[in-house]
Number of protein chains: 2
Amino acid sequence: MLQALAPAAVQHPCSSPSAAGSTTEAPWQRGSAPGPQEHPGTELPRLLQQCGLPLRRRLVHDGDVIYRSGDAFTDLHLLHAGIVKTVATSSDGREQVVGLHFKGDWLGFDGIAGRCYGCDAVALDTGEVWSVRYDTLIAAALDRPELLGLLHAAMSREIARDRASMLSLCTLSADARVADFLRQWVEALEQRGLRTDRITLCLSRAEIGNYLGMTLESVSRALSRLAKARVIRFAEKGRRHVEIPDPRALGACIERSLEPGTAVQ
Amino acid sequence: MLQALAPAAVQHPCSSPSAAGSTTEAPWQRGSAPGPQEHPGTELPRLLQQCGLPLRRRLVHDGDVIYRSGDAFTDLHLLHAGIVKTVATSSDGREQVVGLHFKGDWLGFDGIAGRCYGCDAVALDTGEVWSVRYDTLIAAALDRPELLGLLHAAMSREIARDRASMLSLCTLSADARVADFLRQWVEALEQRGLRTDRITLCLSRAEIGNYLGMTLESVSRALSRLAKARVIRFAEKGRRHVEIPDPRALGACIERSLEPGTAVQ
DNA sequence: CGCCACGTTGAGACCGGTCAAACCACGTGG
DNA sequence: CCACGTGGTTTGACCGGTCTCAACGTGGCG
């Protein structure tokens, strides 16, 4: 887990004097004008450092809590490495994994409106989180509109992603939901330029099931069926390592399961 | 529908010279410091007008499309009156109602990141939409951080609301989901200071079912059961008018259905 | 080794989907 | 005025996908 957490990444920022290349378009729009779904990648860390923002860096491990529902909202958190889940809890005690977050994602947007976080953020893996005070971040963004643009884009992506989850939850069968879950995971890796033929599910079956609105047994069965259909393959050691020879086969699998009377296999 | 759309509301803004009361707290935080879940209410329209932002006002009616998925993103839209649904469509044609929006909500946040809208926004009722160019809005917000704060709070609320939907979708039975749907609707009215003992569902059973991840028949059955349990009552004319004597009975109903082996009635 | 958490697989029950019929409100046109 | 068609809603009967419960397998660790 967490390849290449170089020691250099742990020392403090506040270096590299500002040298933002001028852009022809409005500064609060994304500087490099990438494709519609591409991930901003590495420009954000550089920008944060250029602004001289006081970041607090923190190494986290599996199970570490980054913030809890109800904690006073003061910071936004940039996930610099690792994987984090966000868990919502209703007043009557129901728990629900509502999001998975990868490198480059921001955490804590849901706390802005209510002045306190609305869910728990828990690390699923070794990783690193950069925390910035929200008010200093906004103060800096007022001087550097491109930073504001990146923030807005991140919030916008979060909203779009939540909607995609709802679509998946409401319109797909349990098996298809699992396939779609894998597809989304692969997509997240792809956008970050990581290898996509093999993924490590750092959640238990129970967590996956909770996220997808089904039981852990159904998740297990769905994965077994996908494996039997040769869409995925379990790596030799441990059933949390999944090989995905062709990611597009997952999509085909989902579409096939939409036709009535068609199971995965 | 749409009570009190005074003629005065249709004439153009750009009046009332700025006279923002100074606040003791940072300007990008919400000016009036209300409770954690209160709706900003009417301060936003005033602020938009103070900034002299060029708004385009548009009256909409049931079925009118405000924007479509794939349309180029240029504007954010403030729903000044009426009710709007947002509908996501997957590449393979599945449609999903992913949000309901009431007076004071912003529409179009999901278009910021990808430069085009990610879903359709369709009016469910007579109403009025104010459209502002996103870039002019941001330019204005850089001069008036309290406007930026309101925007961020709106995005934050949207994210929190989506998560609440996921929680409801994944953890509640069909009947409880319908009860929770009504509860949320009442809550939305409450936050806007409207009467909550009677609501008009301006969606068909099919739309409600789609939104809640169930069939229209199940919605109908759930409503019938709630009526039989005296938690709701259908008004004499039309089955889209629902009286809710005690909104808290809905919550009790949801909790009761969590205990195993307990249906609504 | 035993223990424990996690994962898999099977059998049966049940919730909610599917299909079908009937009802209702509303508008149109004879 | 009523006949008719239409779209939305309700209700019932049946079926199937998931959940529930249970047993078993597996890998890690003291």
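Lettering follows sequence order; numbering is per chain, from 1. Because only heavy atoms are used, hydrogens play no part in the values below, and waters and symmetry mates are left out as well, while side chains stay in.
- Counting to the nearest Å, the P atom of C:dG7 and the CG atom of A:Leu223 are 10 Å from each other.
- Applying the 3.5 Å distance criterion, the base of C:dG7 shares no donor-acceptor pair with the side chain of A:Arg221.
- Relative orientation of the A:Tyr67 and A:His77 rings is parallel, given thresholds of 30° and 60° on the angle between their planes.
- Side-chain N/O atoms of A:Arg205 include none lying less than 4.0 angstrom from OP1 or OP2 on C:dA5.
- Atom-to-atom, CD of A:Glu217 to P of C:dA5 comes out at 17 Å; the value is rounded to the nearest Å.
- Nucleic acid contact for A:Gly213: sugar-phosphate only, since backbone atoms but no base atoms lie under 4.0 Å from a heavy atom of the residue.
- With DNA chain D read from its 5' end, the first of the two nearest nucleotides for A:Ala174 and A:Arg239 is the one closest to A:Ala174.
- Between the side chain of A:Arg177 and the base of D:dT18, no donor-acceptor pair under 3.5 Å is found.
- What separates CG of A:Asp175 from C1' of D:dG17 is a distance of 9 Å, to the nearest Å.
- Rounding to whole angstrom units, CZ of residue A:Arg225 and P of D:dG17 are separated by 10 Å.
- Judged by distance alone, with hydrogens and angles left aside, the side-chain atoms of B:Thr86 form a donor-acceptor pair with the main-chain N or O of B:Gly99 at under 3.5 Å.
- What separates NE2 of A:His241 from C1' of C:dC6 is a distance of 14 Å, to the nearest Å.
- When the side-chain nitrogen and oxygen atoms of A:Ser204 are compared with OP1 and OP2 of C:dA5, none of them lie within a distance under 4.0 Å.
- A donor N or O paired with an acceptor N or O is not found under 3.5 Å between the base of C:dC6 and the side-chain atoms of A:Glu207.
- For B:Ser224 and D:dT10, the shortest distance from a side-chain N or O to OP1 or OP2 is not below 4.0 Å.
- A salt bridge links B:Arg183 with B:Glu187: at least one charged nitrogen is closer than 4.0 Å to a carboxylate oxygen.
- In this structure, B:Thr215 reaches the C:dG17 phosphate: one of its side-chain N or O atoms is under 4.0 Å from OP1 or OP2.
- For D:dT18, neither phosphate oxygen OP1 nor OP2 lies less than 4.0 angstrom from any side-chain nitrogen or oxygen of A:Ser218.
- Regarding B:Leu226, its CG atom lies at a distance of 15 Å from the C1' atom of D:dT10, rounded to whole Å.
- What separates CD1 of A:Ile232 from P of C:dG7 is a distance of 14 Å, to the nearest Å.
- Note that OG of A:Ser224 is 5.5 Å distant from CZ of A:Phe234, once rounded to the nearest 0.5 Å.
- A distance of 4.5 Å separates CZ of A:Phe102 from CH2 of A:Trp185, quoted to the nearest 0.5 Å.
- One atom, CG of A:Leu216, and another, P of C:dC6, lie 10 Å apart when rounded to the nearest Å.
- Between A:Ser220 and the phosphate of C:dT9, there is no side-chain N or O to OP1/OP2 separation shorter than 4.0 Å.
- Nearest-nucleotide positions on DNA chain D for A:Gly238 and A:Met214 put A:Met214 closer to the 5' end.
- In this pair, A:Phe73 and A:Tyr117 present their aromatic rings perpendicular. The plane angle is above 60°, beyond the 30 to 60° band.
- For D:dG27, its base never sits under 3.5 Å from the side chain of A:Arg240 at any donor and acceptor pair.
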